Asks: 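Okay, here's the structure, questions in a sec.
Since this is a predicted model, take the numbers as computed values, not measurements. In the text below, chain A, chain B and the rest are named by the order of the sequence lines, each starting its count at 1. Heavy-atom basis, side chains included; hydrogens, waters and symmetry copies ignored.
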Protein chains: 2
Amino acid sequence: MESIVEILKQNKISPSIQRVRILEFLRDNRIHPTADMVYKGLVDEMPTLSKTTVYNTLKLFVEKQILVGLTLFENEVRYEYNMEPHIHFKCTKCGKIYDLDRSFDFYKDEIIDGHKVEEHHVNLKGICSNCLKTEKNK
Amino acid sequence: MESIVEILKQNKISPSIQRVRILEFLRDNRIHPTADMVYKGLVDEMPTLSKTTVYNTLKLFVEKQILVGLTLFENEVRYEYNMEPHIHFKCTKCGKIYDLDRSFDFYKDEIIDGHKVEEHHVNLKGICSNCLKTEKNK
DNA sequence: ATCATTGCAAACACTTTGCATACGC
DNA sequence: GCGTATGCAAAGTGTTTGCAATGAT
């Protein structure tokens, strides 16, 4: 597997410790974290880390197309490493976001009603398998 | 067509002038406005209208399921009157949001990978027919 | 020494809350 | 007159910006 440092170098980003750890966090924790979740996940091992750096770095990675920034349902941006097209499912009970690898009607690059489609998102919302189990056990 | 006042009464909401005009605005302007757009669209004719009332009223309507609140792509809630399932297309040039009446794979009420789907959203992004035309004429 | 990166503090935008005033029956 | 609705001001989030201190070559 390609190292994080190499990915940064390929994108002409100097691999500072903050940048490496932030991208690593996104690669290793496929939880669609918010900027705040990234900050909280790293601040213990990097106590001087600032939220500003997290925001700036995530923004930089999105510009360089290393990460994708998504606003799925709520009023907050979530970041993900996975660039393959996939469906997002958000559980309304526990708040977890799942990636579903189901393929879906892909309008990308098609003309629909005269509009040129460049992105196609499918977002589902409901109750995840875990929360369904917990409900039954009540 | 059912009057706005009747819709409010049916939902046990007293039809104050603010509430009537806000719901009317949503029914007559299918532009998926933000709270701020609703405020700006009405404040001229109702100069004492406050944003708080707009926010409170929109929230009330969403709770009563008269309106739907959507976070489509950006970090802001947009409101719409149309309850029929449909596709949203956002133009990255002009920012307009279009409703597309295309039907789509409807996962609602299905179990997918063990998760119970209750909402299914399809969001497209690209360049709308209008902006495509303008580009060509350059 | 120079240029880029970091991180604090302040500013911002969107939204919610507390509470006093005004309205409607 | 009493309960509800309104709207100002303040607080609360998530995010961005200005800028000085720090770090890398």
Asks: Mind checking A:S16 for me? I need base, sugar-phosphate or nothing, with any heavy atom below 4.0 Å counting as a touch.
Replies: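 Result for A:S16 = sugar-phosphate.
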Asks: Does B:S14 put a side-chain nitrogen or oxygen below 4.0 Å from OP1 or OP2 of D:dA5?
Replies: yes
Asks: Identify which nucleotide among D:dG7, D:dG18, D:dT6 has an atom closest to any side-chain atom of B:T57, counting heavy atoms from C-beta outward.
Replies: D:dT6
Asks: Could you check how far CZ of A:R19 sits from P of D:dA24, rounded to whole Å?
Replies: 12 Å
Asks: Given the rule in the side-chain hydrogen bond (donor to acceptor under 3.5 Å, both in side chains) test, do A:T53 and A:R19 qualify, once you have shown the distances and angles that lead to the verdict?
Replies: CA-CA 9 Å; A:T53 301; A:R19 288 167 172 169; over 6 Å; no
Asks: In whole Å, what is the span from the CG atom of A:L72 to the P atom of D:dG14?
Replies: 16 Å
Asks: Side-chain N or O of B:S50 less than 4.0 angstrom from OP1 or OP2 on D:dT6?
Replies: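 Looking at the OP1 and OP2 atoms of D:dT6, neither is under 4.0 Å from any side-chain N or O of B:S50.
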Asks: Are A:T71 and A:E76 packed together at the side-chain level, in the sense that at least one heavy-atom pair is separated by less than 4.5 angstrom?
Replies: no
Asks: Say you draw a straight line from OH of A:Y81 to CD1 of A:I7; how long is it, rounded to the nearest 0.5 Å?
Replies: 3.5 Å
Asks: Taking atom C1' of D:dT16 as reference, at what distance in whole Å does atom CD of B:E76 sit?
Replies: 16 Å
Asks: Starting at atom CG of B:L8, determine the distance to atom C1' of D:dT4, rounded to an integer number of angstrom.
Replies: 15 Å
Asks: Please classify the nucleic acid contact of A:T48 as base, sugar-phosphate, or nothing, using heavy-atom distances under 4.0 Å.
Replies: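 The residue A:T48 makes sugar-phosphate contact but no base contact.
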Asks: A:N56 has an atom CG; how far is it from atom C1' of D:dG14, in whole Å?
Replies: 14 Å
Asks: Whole Å only: how far is the CD atom of B:Q18 from the P atom of D:dT6?
Replies: 5 Å
Asks: How close do B:I97 and B:K90 get, counting heavy atoms only, and between which atoms?
Replies: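 Heavy atoms only, the tightest pair is CG1-CD, 4.0 Å.
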Asks: Provide, to the nearest angstrom, the distance between the CG atom belonging to B:L58 and the P atom belonging to D:dG7.
Replies: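 Interatomic distance, CG of B:L58 to P of D:dG7: 14 Å.
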Asks: Does D:dT17 have OP1 or OP2 under 4.0 Å away from a side-chain N or O of A:K59?
Replies: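 Yes.
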Asks: What are the 5'-most and 3'-most nucleotides of DNA chain C lying under 4.0 Å from any heavy atom of chain A?
Replies: C:dT5 to C:dT15
Asks: For the residue pair B:H86 and B:D99, confirm or rule out a side-chain donor-acceptor distance under 3.5 Å.
Replies: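 Side-chain D/A pair, B:H86 to B:D99: present.
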Asks: The side chain of B:L49 is closest to which nucleotide in this list: D:dG7, D:dG18, D:dT15?
Replies: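 Ranking D:dG7, D:dG18, D:dT15 by closest atom to the B:L49 side chain puts D:dG7 first.
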Asks: Kindly assign one of parallel, tilted or perpendicular to the pair A:F106 and A:H120, based on the angle between their ring planes and the thresholds 30° and 60°.
Replies: parallel
Asks: Taking atom CD1 of B:I66 and atom CG of B:L58, what is their separation to the nearest 0.5 Å?
Replies: 11.0 Å
Asks: Nearest of D:dA9, D:dT15, D:dG18 to any side-chain atom of A:A35?
Replies: D:dT15
